[in-house]
Protein chains: 2
Amino acid sequence: MVSIKDIAKKAGVSISTVSYALNGSSKVTDETSSRILAIARELNYVPNAAARTLKKRESRILGVFLTDFKGDVYGELLDGMKEVCNSQGYDLIVCSGKQSHRMLPERMIDGAVILDHTFSSEELLKYAERNHKIVVLDRELEHPNINQVLLDNKAGATLATEYLVEQGHKKIYVVSGPEGSYDSTQRMKAVKMVADRAEDVDWIEIQGDFKKSGGEKAAEQIMQEYTEPVAVFCLNDEMAIGLCNRIADTEFKIGEHVHLIGFDNIELTRYMQPRLATIDYSKRKWGALASEQLIKIISGEKVDHERIYVTLVRGGSVGTETKRSISRPN
Amino acid sequence: MVSIKDIAKKAGVSISTVSYALNGSSKVTDETSSRILAIARELNYVPNAAARTLKKRESRILGVFLTDFKGDVYGELLDGMKEVCNSQGYDLIVCSGKQSHRMLPERMIDGAVILDHTFSSEELLKYAERNHKIVVLDRELEHPNINQVLLDNKAGATLATEYLVEQGHKKIYVVSGPEGSYDSTQRMKAVKMVADRAEDVDWIEIQGDFKKSGGEKAAEQIMQEYTEPVAVFCLNDEMAIGLCNRIADTEFKIGEHVHLIGFDNIELTRYMQPRLATIDYSKRKWGALASEQLIKIISGEKVDHERIYVTLVRGGSVGTETKRSISRPN
DNA sequence: TTGTAAGCGTTATCAA
DNA sequence: TTGATAACGCTTACAA
């Protein structure tokens, strides 16, 4: 492995001169500098990241932590993060799994974006307390070293619920996320608010998991209990897809017997028939903003929490209430 | 930042004793060891990854490089990789973008899995030459430090083409991947082989890009030239989806006017109507095997190249040839 | 069983 | 403008 020592020897200068030259310092003459650079290239010199990080106490690498790699939401989010990171001279690495948590406390990365419930809030606060910089996308957490960039869950769930109510639906199933999920809890709250305020509207919670399987299970329960057309708000699109999938095997029709809305506007929803109504937001912007905030707090800048705004996407999966003409299929 | 020095001071021992204790060496008595461990915990000691990596000349981190984060193929692949890595005491990080290439030469990671055409083969060979360990998933590359784990593209494309031919289709459009893509070239070769061997079968190549947009463009060309039912082999599912999407806006019907098969069996295909015929393989296994191979060559083990086997998935998107009864829609 | 000390490849301070 | 040197936090011979 060739180090600055080797270059120094070959160039007949000291290692500090080499270091300066390599880092483009103006302390060294252009002549010696270019000679050193030439030798470095000739020897195929590559700096050692560990040594640099050890000495400088920063790696210029940011990490984003995901619960798993499967989510359809992640692609654009990560691209948004990468773009900002790179433009600011940072590298981005994506991590998942309990083992990788150490990256932050062991200082392999300069900061972390968290979208991963396998981090407990206590764990994150502990890191923040030790001066590590964190941006959370999946919870509220107050600490000088933590910034939050959250979806406007309440607005989204309100839009979705109001849409169902406006279309005349009186019975709304809400398929929630896993126990303890911040997004799920927030969305649920908004649903209650809207539904309770509306007249004659009943809502029934079905415990879900934000995965397809949750939607499938919900579908079974809903069909079991079916007496007349119902509305369903799946708290994310993935469950809505699972639900559609389960229902596709039957005589029930989405947008007719089951009026369905999701949340996230993942790409797949565009290809469903009928098109899934859902709540949209810019995943790219979410990621970009998260990175920006993280870089700012790393630079010592004080920043406020941020919110990502959402909009309603209408779709054929929600029709108007017509129960009088629709009987139970099969 | 608390280091072993601080622990040593507080425990009244030398830093080497602390190091031994922390690493569970049997050279130190249980008594001093547990005393040291207690103090370490009390001080919230966390080892410094950079220092460890610098000294040991290994990071126990493996990197996987992707062209972007958007692909539907990646989720399971990465989970497969992660599982193997973690079980062997390695951490996995996912990287994308030109800037992140440095992770390998700068020794931030102990090895790399490449599924990213932004690495040129020359670049990879250069790294291999400098003794870095690499597994490639997207090209053939011979070097002692490089192992390849490739899809059986030829078998897959052969299965797909034969399926179309068997169903009686005589005119086959093939929508290829981007210029220079190894997977595309290999699949294309197999298509030619099968189609040329079959009787009366014409095939027409349409240059694609492995993205939805490529499928959409292909759809336009195909509909433009349409005279009677045709078969289309999109060299990946994503283009097939783009094609379906474009065609859904028209009177043309998949499985009737346009008989379509893809490649990859991404999750979305299961939810298409009619179900997309495609070529399946285990993405999880692909990732797992890639990690295994990488870890083996890092350990100095000599390994052979590996191949991932594929199977045909039939679907309603391919019907039997019935052109006599089908006229141009609209 | 524990301590001393060298060294991993950098950066950065201070002196020359 | 350059060089000598210490330091970053850790591992590991070797000595005690």
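Chain letters run A, B, ... following the sequence lines, proteins first and then strands; every chain starts at 1.
Proximity of a side-chain donor or acceptor of B:Asp264 to a complementary backbone N or O of B:Ile266 within less than 3.5 Å is not detected. Counting only distance, with no hydrogens or angles, the side chain of A:Asn236 and the backbone of A:Phe210 share a donor-acceptor pair below 3.5 Å.
Counting non-hydrogen atoms of neighbouring residues, nucleotides and ligands closer than 6.0 angstrom, the NZ atom of B:Lys98 exceeds 12 such neighbours.
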Report summary line: Protein heavy-atom contacts under 4.0 Å, written 5' to 3' over nucleotides 6-12 of chain C as B (base), S (sugar-phosphate only) or - (none), form the string -BBBBBB
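Checked for salt-bridge contact, B:Arg102 and A:Asp91 meet the test: a charged N lies under 4.0 Å from a carboxylate O. The existence of a salt bridge linking B:Glu58 and B:Arg107 is excluded, since no basic side-chain nitrogen approaches an acidic carboxylate oxygen closer than 4.0 Å.
Rounded to a whole Å, the CE atom of A:Met108 is 14 Å from the P atom of D:dG9. Between the CZ atom of A:Arg102 and the P atom of D:dC10 there is a distance of 14 Å, given to the nearest Å. In this entry the distance linking NZ of A:Lys27 with P of C:dA16 reads 16 Å, nearest Å.
The nearest pair of heavy atoms linking B:Arg139 to B:His117 is NH2-CA, 3.9 Å.
As judged by a 4.0 angstrom heavy-atom cut-off over every strand, B:Thr53 is placed among residues making no nucleic acid contact.
Contact annotation: B:Thr29 side-chain N/O to C:dT2 OP1/OP2 distance is under 4.0 Å.
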